[in-house]
Amino acid sequence: MSTVYDLTREQLGERLASWGEPAFRAKQVWTQLWKRGATYDRMSDVSPGLRERLAAELPLGVEVISEQIADRGATRKALLRLGGAHIVEAVLMGYPDRVTVCVSSQAGCAMGCTFCATGQMGLQNNLTAGEISAQAVWARREAARLPETTPQRLTNVVFMGMGEPFANQRHVFGSLAQLTAASTFGLGARHVTVSTVGIVPGIERLAERAPQVGLAVSLHAASDELRDQLVPPNTRYPLLRLERAIADWRLRTRRRPSIEWALIDRVNDTSEQAELLAPIARRLGAHVNLIPLNPTPGYPVLGSPPARIRRFVDTLERLHVNVTVRDTRGRSIDAACGQLALSASA
């Protein structure tokens with residue numbers, strides 16, 4: 001066990017009972033850990049001696065290596081060491097109507113997307129369910145420190161950080177269960193979204209196991225020829241098969257999927273790609289979320305300039321596609337997935 005968050009409530013109770021603690025103590029500690037996001041030193045209703053033993057024998061397993069702030073305090077990015085070994089990133093973003101944390105599911109990534117900083121790292125480790133959920137607990141704690149212009153409480157969790165969630169299915173589904181259970185973290189499933197590069201079996205399992213959880217698919221190209229270059233898993237799960245899986249997910253869940261599209265200058269921001277994307281988005285009833293690409297060390301191509309973004313948006317809107325351009329957050333603190341970890345290891 002690398003973190004106390006990997007324990008069930010029953011397992012925590014058994015451990016505390018073996019220490020001679022009364023049954024109600026486990027409920028106290030469990031509530032503090034999950035509902036308040038409290039660290040042991042902040043558990044005022046627990047004796048100092050028990051706090052010390054908890055820290056020694058049931059570690060939180062979450063160490064903040066560094067934390068950077070941007071957007072007048074509304075964006076906080078942390079480099080975290082989980083379980084004493086895995087270094088990952090989590091980003092907390094405050095908006096006027098919501099507070100969202102972007103969590104990692106793996107340390108590094110094996111998908112090999114060339115424009116992604118995490119993809120350049122390769123896969124280092126899968127995270128456990130507790131290590132994934134611990135990032136949301138960190139965010140629940142941090143949300144209180146956001147500016148008063150935000151709700152100052154965590155409202156949404158997105159699995160859009162380092163790693164491909166469906167390449168670590170067992171632990172990702174375990175974390176989804178923890179985050180959405182009323183007795184644990186207690187976040188509504190409709191406030192959780194999983195992002196994938198298009199791992200079809202994972203999409204199919206999401207519809208079965210967590211039908212209220214949102215789905216975002218990082219498409220980035222609307223032709224197999226280009227997508228094979230940008231997103232290598234496309235060679236295994238090409239666009240036609242991927243579209244069928246998303247359509248089936250939508251039919252079974254009655255939810256609208258999102259299509260994520262990182263705009264790369266003169267690569268996938270052409271009118272041709274927009275015209276190929278439009279019928280896919282319409283058939284799926286999907287919302288297209290355009291993301292201006294953050295500069296990535298080792299990848300020479302740049303993000304699309306404003307004029308090309310506008311042209312791409314205009315083409316999609318003319319073809320009756322719901323589209324928005326994501327607010328680029330934290331560029332000054334390397335807030336794109338994997339950038340901070342990559343620079344830290346350089």
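Values below: every heavy atom of this structure, side chains too, minus hydrogens, waters and symmetry copies.
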Any Gln169 side-chain heavy atom under 4.5 Å of Val172 side chain: no
Heavy-atom side-chain contact between Val88 and Glu131 under 4.5 Å: no
Nearest-0.5 Å distance, CG of residue Leu187 to OG1 of residue Thr155: 7.5 Å
4.5 Å side-chain heavy-atom contact, Leu242 and Leu219: yes
Shared hydrophobic cluster for Leu276 and Leu290 (ILVMFWY, side-chain gaps under 4.5 Å): no
Gap between atom CG of Leu123 and atom CE of Met162 - 0.5 Å precision: 9.5 Å
Qualifying ring-ring contact (aromatic ring centres under 6.0 Å, His included) pairs, either residue in residues 202-221, two or more places apart: Phe115-His220
Leu215 side chain reached by Val194 side chain, heavy atoms, under 4.5 Å: no
Steps toward side-chain hydrogen bond (donor to acceptor under 3.5 Å, both in side chains) verdict (Asp6, Thr128): CA-CA 7 Å; Asp6 278 308; Thr128 67; 2.8 Å; yes
Any donor-acceptor pair under 3.5 Å from Arg76 side chain to Gly94 backbone: no
Distance, nearest 0.5 Å, that separates CH2 of Trp138 from OG1 of Thr39: 14.5 Å
Polar contact flag, side-chain donor to acceptor under 3.5 angstrom, Gln212-Thr253: no
Verdict with supporting geometry, Ile87 and Ile65, side-chain contact (heavy atoms from CB on, under 4.5 Å): CA-CA 9 Å; Ile87 295 178; Ile65 299 173; 4.0 Å; yes
Pairwise distance CZ(Arg140) to CH2(Trp34) - rounded to 0.5 angstrom: 9.5 Å
Pairwise distance CG(Leu127) to CD(Gln135) - rounded to 0.5 angstrom: 6.0 Å
Flag side-chain contact, heavy atom, 4.5 Å: Ile199 against Pro201: yes
Arg81: partners by side chain to side chain donor-acceptor pair (under 3.5 Å), with sequence neighbours left out: Glu63
Met43 CE to Arg36 CZ distance, which is reported to the nearest 0.5 Å: 8.0 Å
Pro257 backbone acceptor or donor facing Arg250 side chain under 3.5 Å: no
Steps toward side-chain contact (heavy atoms from CB on, under 4.5 Å) verdict (His191, Arg98): CA-CA 10 Å; His191 293 274; Arg98 67 192 186 281; over 6 Å; no
Electrostatic pair Arg205-Glu208, nearest N-O below 4.0 angstrom: no
Donor-acceptor contact present, side-chain Trp19 to main-chain Leu54, <3.5 Å: no
side-chain hydrogen bond (donor to acceptor under 3.5 Å, both in side chains) pairs, two or more places apart, involving residues 227-241: Asp224-Asn234, Arg227-Asn234, Asp228-Asn234
Could you go through residues 173-186 and list every donor-acceptor pair under 3.5 Å that involves a side-chain atom there, pairing it with any protein atom two or more places apart or in another chain?
from: Ser175; atom 1: OG; to: Ser133; atom 2: OG; distance (Å): 2.9
from: Gln178; atom 1: OE1; to: Ser133; atom 2: OG; distance (Å): 2.6
from: Gln178; atom 1: NE2; to: Tyr5; atom 2: O; distance (Å): 2.8
from: Thr180; atom 1: OG1; to: Leu176; atom 2: O; distance (Å): 2.7

Ser104 (side chain) donor-acceptor with Glu89 (main chain) under 3.5 angstrom: yes
Whether Gln124 side chain and His86 backbone form a donor-acceptor pair below 3.5 Å: no
Test side chain to side chain donor-acceptor pair (under 3.5 Å) applied to Ser304 and Thr270, Asn268, Asp269, Asp265, the passing residue: Asp269
Contact check, side chains of Leu277 and Val321, non-hydrogen atoms, under 4.5 Å: no
Side chain Tyr40, main chain Leu58, donor-acceptor under 3.5 Å: yes
Any side-chain heavy-atom pair of Ser218 and Val231 under 4.5 Å: no
Ser195 vs Pro165 side-chain heavy atoms within contact, under 4.5 Å: no
Exercise: do Gln32 and Asp45 side chains pair donor with acceptor under 3.5 Å: yes
Contact list for residues 277-291, test side-chain hydrogen bond (donor to acceptor under 3.5 Å, both in side chains), sequence neighbours left out: Glu243-Arg283, Glu260-Asn289, His287-Thr324
Side chain Gln152, main chain Leu146, donor-acceptor under 3.5 Å: yes
Residues Asp314 and Arg318 bridged, charged N to O under 4.0 Å: no
Set of side chain to side chain donor-acceptor pair (under 3.5 Å) partners for His171, sequence neighbours left out: none
Leu239 with Trp249, same ILVMFWY side-chain cluster at under 4.5 Å: yes
